[in-house]
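Take a look at the structure set out below.
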Amino acid sequence: MGLCTILFSTRRLFLLVVLFGYFGLPSAAPQHLHLTALVSDLDGRAAFECWEISTPFSTYPTVGDVIPGLADVSNVSYVVLPARSNEGLHRPPHPMFFVLLSGSAHVTLPDGAADLWIRAGTNGFMIAADTVGDGHYTEYPSDEPSVALQIPFLNGMLPRHRVAKDAVCETPATLINMNNANGWTTGQKVV
């Protein structure tokens with residue numbers, strides 16, 4: 001399994017993923033990260049998408065792999081969410097990375113059509129960008145408080161990506177081989 005370490009600089013977020021042979025590195029094909037994104041569709045309804053981040057992994061100078069310049073970010077917040085709490089129906093205040101450091105979260109769409117379980121250390125990294133419409137429900141069912149980082153995208157600009165599928169990613173925050181670069185979405189501003 002991979003181990004994720006997050007390094008912050010003033011305006012850039014760097015994701016360092018240390019890989020333990022599980023992904024069969026090295027590979028001739030570029031390697032890309034898949035992340036689940038919670039977005040608003042054209043009618044303002046929340047929906048899950050599986051995004052393939054366009055910037056490929058490169059070799060980290062010491063060990064493992066890195067995505068340099070994953071996204072421009074600002075105003076990182078450290079959030080402690082009470083044990084067995086529920087946020088109810090809500091929207092994120094701005095598009096952001098959501099990184100669960102401890103505990104668990106259960107995100108559901110208002111129509112109940114889909115859900116996402118987020119567990120620290122397993123799949124604790126996602127994008128929350130459903131800033132218009134009704135939003136989504138989030139509950140924190142752990143017996144202990146859940147701790148998260150909310151990392152807004154600078155000026156609402158999402159990382160360059162392509163939608164791999166209109167659903168939750170089958171495997172959490174995974175490294176993917178990509179043989180072509182077609183279909184990338186350039187940075188989008190979400191307000």
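All heavy atoms count here, side chains included; hydrogens, waters and symmetry mates do not.
With respect to Glu52, the side chain to side chain donor-acceptor pair (under 3.5 Å) criterion is satisfied by exactly one of Lys165, His161, Arg162: Arg162. Of the listed residues (Ile127, Asp166, Asp41), just one forms a side-chain contact (heavy atoms from CB on, under 4.5 Å) with Glu49, and that residue is Asp166. Applying ring pair (Phe, Tyr, Trp, His ring centres under 6.0 Å) to Phe125 and the options Trp51, Phe97, Phe98 leaves one that passes, Phe97.
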Which pairs of donor and acceptor atoms, one on a side chain in residues 106-114, lie under 3.5 Å apart (sequence neighbours left out)?
from: His106; atom 1: ND1; to: Glu139; atom 2: OE2; distance (Å): 3.2
from: His106; atom 1: NE2; to: Asp115; atom 2: OD2; distance (Å): 2.7
from: His106; atom 1: NE2; to: Trp117; atom 2: NE1; distance (Å): 3.4
from: Asp111; atom 1: OD1; to: Ala113; atom 2: N; distance (Å): 2.9

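The closest donor-acceptor contact from the side chain of Arg91 to the backbone of Gly133 lies under 3.5 Å. A donor-acceptor pair is defined here as one N or O able to donate and one able to accept, closer than 3.5 Å; no such pair exists between the side chain of Asp43 and the backbone of Arg45. Of the possible donor and acceptor atoms, one in the side chain of His32 sits under 3.5 Å from a partner among the backbone N and O of Ile53. No donor-acceptor pair closer than 3.5 Å links the side chain of Thr138 to the backbone N or O of Glu87.
Between the CZ atom of Arg160 and the OG atom of Ser54 there is a distance of 4.0 Å, given to the nearest 0.5 Å. To the nearest 0.5 Å, the span separating OG1 on Thr36 from NE2 on His34 amounts to 10.0 Å. Atom OG of residue Ser40 and atom CG of residue Asp130 lie 5.0 Å apart, to the nearest 0.5 angstrom.
Ser104 places a side-chain heavy atom less than 4.5 Å from the side chain of Ser142. For the pair Leu101 and Leu149, the minimum side-chain heavy-atom distance is below 4.5 Å.
The shortest heavy-atom contact between Thr131 and Pro92 is CG2-O, 3.6 Å. The two residues Ile118 and Gly124 have their closest heavy-atom pair at CG2-CA, 3.6 Å. Nearest heavy atom pair, residue Asp65 against residue Thr59, reads OD1-CA, 3.8 Å. The two residues Arg84 and Pro141 have their closest heavy-atom pair at NH1-O, 3.0 Å. Annotation for Pro56 and Pro68: closest pair O-CD, 4.3 Å, computed over non-hydrogen atoms.
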Can Leu100 and Ser146 be said to form a side-chain contact (heavy atoms from CB on, under 4.5 Å), step by step?
CA-CA 7 Å; Leu100 195 65; Ser146 294; 4.2 Å; yes
Begin with the C-alpha distance, continue with both residues' side-chain angles, and end with the deciding distance and a verdict on side-chain contact (heavy atoms from CB on, under 4.5 Å) for Phe48 and Leu116.
CA-CA 9 Å; Phe48 290 111; Leu116 171 67; 3.8 Å; yes
Is there a side-chain contact (heavy atoms from CB on, under 4.5 Å) between Val147 and Leu81 once you walk through the steps?
CA-CA 6 Å; Val147 177; Leu81 304 144; over 6 Å; no
Would you check, one step at a time, whether the test side-chain contact (heavy atoms from CB on, under 4.5 Å) holds for Ile151 with Val76?
CA-CA 5 Å; Ile151 308 169; Val76 176; 3.9 Å; yes
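Under the 4.5 Å side-chain contact rule for hydrophobic residues, Leu70 and Val99 share a cluster. Under the 4.5 Å side-chain heavy-atom criterion for Ile, Leu, Val, Met, Phe, Trp and Tyr, Met126 and Tyr140 are members of the same hydrophobic cluster. At a threshold of 4.5 Å between side-chain heavy atoms, the hydrophobic network of Ile, Leu, Val, Met, Phe, Trp and Tyr places Ile67 and Val73 in one connected group. Cluster membership for Leu158 and Leu38, using ILVMFWY side-chain heavy atoms within less than 4.5 angstrom, is not shared. Under the 4.5 Å side-chain heavy-atom criterion for grouping Ile, Leu, Val, Met, Phe, Trp and Tyr, Val39 is connected to Val163 within one hydrophobic cluster.
Within 6.0 Å of CD on Glu144 lie no more than 12 heavy atoms contributed by other residues, nucleotides or ligands.
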